[in-house]
Amino acid sequence: MKSNAAPARLSTADATFEADFAAKLHWSADTDAAIEQRVADILADVQQRGDAAVLEYTARFDGLQVDGMAALELTQAELKAAFDAIPAGQREALQAAAARVRRYHEAQKRASGESWSYRDEDGTLLGQKVTPLDRVGIYVPGGKAAYPSSVLMNAIPAHVAGVGEIIMVVPTPQGAKNLLVLAAAYVAGVTRAFTIGGAQAVAALAFGTATMPKVDKITGPGNAYVASAKKRVFGTVGIDMIAGPSEILVLADGSTPPDWVAMDLFSQAEHDELAQSILLCPDAAYIGAVQAAIDRLLPEMPRAAIIAKSLSDRGALILTKDMEEACAISNRIAPEHLEVSSRDPHRWEPLLRHAGAIFLGAFTSESLGDYCAGPNHVLPTSGTARFSSPLGVYDFQKRSSLIEVSEQGAQTLGRIASVLAHGEGLQAHARAAEMRLEA
């Protein structure tokens, strides 16, 4: 029986391929003007009235009426109680995932997150000092969806980086707390946690209130209001990225069971109707087998309606000349998640330049990366993998240049600087260098 999920069937050999391909990729990141204005009003109100504004918006949007901010802060004892209250299987899964995420980010820190320096022949010291941020805020979605994995992926690299204080905000509509999210906060080492969300939570983190400490950077996904708020407070604080809809691109040579690939396409399509799932393959018969698997498996999915809408509106099954052409198209897309579902994925990996995360081989489903493989699942979307990287330890550190010029070094560098400063018309710069030259 055919499902109502019909991804576009495209072929690079078709004369209309470029236009059809571009139409599938197009997604507007423009935020609705009404949302932008509402967010601007909320940010200004929280900046002016602090806790009172946060409490008012929390009551209005989350239906959570409390007397003061203290009632919205979760204690470490509450986080520990949530951890103790969840089933043993969930506790073990959280701890196993956290251990793998921590191990990966500790390796990342060793590879790129340490200070370094060297001395020139004249004794001048040059280097870089790497220091962690003092305080960060992590936004964790709540309400319709709750993501304990997002707690691990945001808090653990911050912890590994050495951030002094990690402040978590999570909305709890009608006061409903997700125990798995709170348990994840306990496992990940969150310092303080508040049950607030939306633009008001971003504002409180960015500007600070009587209760909420101002942070240096805000990370984590959210809805259109959260994304707009993060964009507006950038510059006052740092942010990780403005994330678009989820994406998966599968490069397949036809050797992986079609059911596996169909389910991998579903894994992103089930996020929301705007998510994008694309298959690139040089085997027309295999593409047909994947479509048949989609038709057969979709009715079993609890989120079948969302998957069908996503696949019909933004999905595509693309027939390519060969795997080399598939890799070239993948680089044009620069997907968030890229699966190389091939007998020999390492043959194709060197050709792939742009992707948030690359999953090699038939057994490496994208979902393993989402939860427990180790690398971060906060990834660049909407083609920004061309110039952006996954969230990592480096996002919670900053770098300061170290310069110690010796007396001998000042004789060489001073002359160079003097010439260039005079050339720019900056005489004080030149004189400052010249004063250190030997008479």
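Note that the structure is predicted; figures quoted are calculated from it, not measured.
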Tell me, do S365 and S267 make a side-chain contact under 4.5 Å, heavy atoms counted?
no
What are the two closest non-hydrogen atoms of M153 and V378, and how far apart are they?
CB-CG2, 4.3 Å
Minimal heavy-atom distance between P390 and D395, with the atoms involved, is O-OD2, 3.6 Å
Value for OG (S342) from CG (D253), rounded to nearest 0.5 Å, stands at 4.0 Å
Apply side-chain contact (heavy atoms from CB on, under 4.5 Å) to residues Q108 and N376 and explain how you reach the verdict.
CA-CA 11 Å; Q108 188 179 71; N376 210 287; over 6 Å; no
Evaluate the criterion side-chain contact (heavy atoms from CB on, under 4.5 Å) for residue pair F194 and T211; output intermediate values, then yes/no.
CA-CA 10 Å; F194 293 85; T211 305; 3.9 Å; yes
Is there side-chain contact between Y139 and K230, with heavy atoms separated by less than 4.5 Å?
no
With no hydrogens and no angle check, is any side-chain donor or acceptor of Y286 less than 3.5 Å from a backbone partner on T256?
yes
Can D20 and K24 be counted as an ion pair, charged N to O under 4.0 angstrom?
no
Donor-acceptor pair, side chain of R9 and main chain of L317, under 3.5 angstrom
no
Evaluate side-chain hydrogen bond (donor to acceptor under 3.5 Å, both in side chains) for T209 paired with D51, printing each intermediate quantity in order.
CA-CA 6 Å; T209 71; D51 285 347; 2.4 Å; yes
Could you pull out the closest heavy-atom pair between A385 and P335, with the gap in Å?
CB-O, 4.1 Å
Where is the tightest heavy-atom contact between G220 and N154, given as atom of each residue plus distance?
N-OD1, 3.3 Å
Check whether any side-chain N or O of T219 sits under 3.5 Å from a backbone N or O of I138 as a donor-acceptor pair, and report yes or no.
no
Are any side-chain N or O atoms of Q200 and backbone N or O atoms of G197, one a donor and one an acceptor, separated by less than 3.5 Å?
yes
For the CZ atom on F387, are there more than 12 heavy atoms of other groups (residues, nucleotides or ligands in this structure) within a distance under 6.0 Å?
yes
Is the backbone N or O of D370 less than 3.5 Å from a side-chain atom of H377, with the two atoms forming a donor-acceptor pair by type?
yes
Under 6.0 Å from the NZ atom of K214, do we count more than 12 heavy atoms belonging to anything else shown?
yes
Answer yes or no: is there an ion pair linking R314 with E273, defined by an N-O contact shorter than 4.0 Å?
no
Would you compute the distance between atom CD of Q90 and atom CG of L179 and round it to the nearest 0.5 angstrom?
8.5 Å
Minimum side-chain heavy-atom gap T364-E339 below 4.5 Å:
no
Answer yes or no: is there a donor N or O on one side and an acceptor on the other, between the side chain of S310 and the main chain of I306, under 3.5 Å?
no
4.5 Å side-chain heavy-atom contact, Y394 and K109
no
Verdict with supporting geometry, T381 and E336, side-chain hydrogen bond (donor to acceptor under 3.5 Å, both in side chains)
CA-CA 5 Å; T381 62; E336 179 187 17; 6.0 Å; no
Short side-chain to backbone donor-acceptor contact, S388 and T384, under 3.5 Å:
yes
Kindly indicate, with the supporting measurements, whether the criterion side-chain contact (heavy atoms from CB on, under 4.5 Å) is fulfilled by T191 and R135.
CA-CA 10 Å; T191 314; R135 183 185 294 124; over 6 Å; no
Using side-chain heavy atoms (C-beta onward) and a distance below 4.5 Å, is K231 in contact with V39?
no
Would you say that V66 contacts L55 through its side chain, given a criterion of any heavy-atom pair below 4.5 Å between the two side chains?
yes
Test item: E78 and K177 side chains (from C-beta on) under 4.5 Å apart, heavy atoms
yes
Hey, does the side chain of H159 reach the backbone of A155 with a donor-acceptor pair shorter than 3.5 angstrom?
no
Going through the checks in order, is the side-chain contact (heavy atoms from CB on, under 4.5 Å) test met by L251 and L352?
CA-CA 11 Å; L251 298 183; L352 300 168; 3.7 Å; yes
Side chain to side chain, L379 and E247, heavy atoms closer than 4.5 Å
no
Nearest 0.5 Å, what's the CZ-CD1 distance between F21 and I318?
5.5 Å
d(F61 CZ, I42 CD1) to nearest 0.5 Å is 4.5 Å
Is a side-chain N or O of D32 found less than 3.5 angstrom from the main chain of A34, in a donor-acceptor match?
yes
Side chain N331, main chain L351, donor-acceptor under 3.5 Å
yes
Counting only heavy atoms not in F17, do more than 12 sit closer than 6.0 Å to its CZ atom?
yes
Here the pair of heavy atoms bringing A262 nearest to A293 is CB-CB, 3.8 Å
Closest contact, heavy atoms only, A252 versus P282
O-CD, 3.4 Å
Rounded to the nearest 0.5 Å, what separates atom CZ in R192 from atom CD in E165?
6.0 Å
Is R399 atom CZ crowded by more than 12 heavy atoms from other residues, nucleotides or ligands, each under 6.0 Å away?
yes
Rounded to the nearest 0.5 Å, how far apart are CD1 of I239 and CE of M241?
9.5 Å
